[in-house]
Amino acid sequence: NLSLLHWQTGERRQACEGWLVFRGHPADATAATYRRLADETTPRAADAEGAQSHASGALHASQAAALDRLALRYFEELRSSEEFPGYWDARREVAHGSHEPGIALY
């Protein structure tokens with residue numbers, strides 16, 4: 001419920017991080033790891049059923065899996081945006097000869 005509250009107040013990163021930790025997923029993985037985890041998360045929406053009791057705050061396995069995928073995809077995007085500049089900075093250094101002499105990317 002706290003993750004939902006964070007999500008509704010616009011605190012998406014806190015919402016997803018809290019959900020991932022609660023569900024036992026890593027909060028410090030790479031974008032590729034989050035993509036793989038999201039792709040492997042089951043059951044899918046086609047298998048969805050409702051929770052037996054909404055009053056208890058219970059989620060059906062397919063609903064929890066959908067929230068897992070949402071949080072994993074969010075962190076995939078977040079990590080990808082963090083990793084992207086580092087990739088190009090490394091390429092620029094190689095192009096200017098700071099890592100491997102004689103190799104330049106043009």
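Residue numbers count from 1 along this sequence. What you see is a predicted model; the values in this text were computed from it and never measured.
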Nearest heavy-atom pair of [X] and [Y]: which atoms, and what distance?
X: Ala65; Y: Pro43; result: CB-O, 3.5 Å
X: Glu11; Y: Gln14; result: OE1-OE1, 3.1 Å
X: Pro26; Y: Tyr34; result: O-OH, 2.9 Å
X: Gly18; Y: Ser3; result: C-OG, 3.8 Å
X: Ala31; Y: Ser80; result: CB-N, 3.7 Å

* Are Leu78 and Trp7 co-members of a hydrophobic cluster defined by side-chain heavy atoms under 4.5 Å apart? -> no
* **Verdict with supporting geometry, Glu17 and His6, side-chain contact (heavy atoms from CB on, under 4.5 Å)** => CA-CA 10 Å; Glu17 188 171 9; His6 281 300; over 6 Å; no
* **Student check: side-chain heavy atoms of Trp19 and Asp68 closer than 4.5 Å** => yes
* Asked: Knowing that exactly one of Thr41, Asp39, Thr33, Leu67 qualifies, which makes a side chain to side chain contact (heavy atoms under 4.5 Å, CB included) with Leu72?
  -> Thr41
* Asked: Of Arg12, Arg79, Arg69, which meets side chain to side chain contact (heavy atoms under 4.5 Å, CB included) against Tyr74?
  -> Arg12
* Asked: So how far is it from Phe75 CZ to Arg13 CZ, rounded to the nearest 0.5 Å?
  -> 5.0 Å
* **Heavy atoms from other residues, nucleotides or ligands near CD of Glu77 exceed 12 (cutoff 6.0 Å)** => no
* **Criterion salt bridge (charged side-chain N to carboxylate O under 4.0 Å, His left out) on Glu40 and Arg36, from CA distance to verdict** => CA-CA 6 Å; Glu40 294 172 353; Arg36 181 183 52 78; 3.2 Å; yes
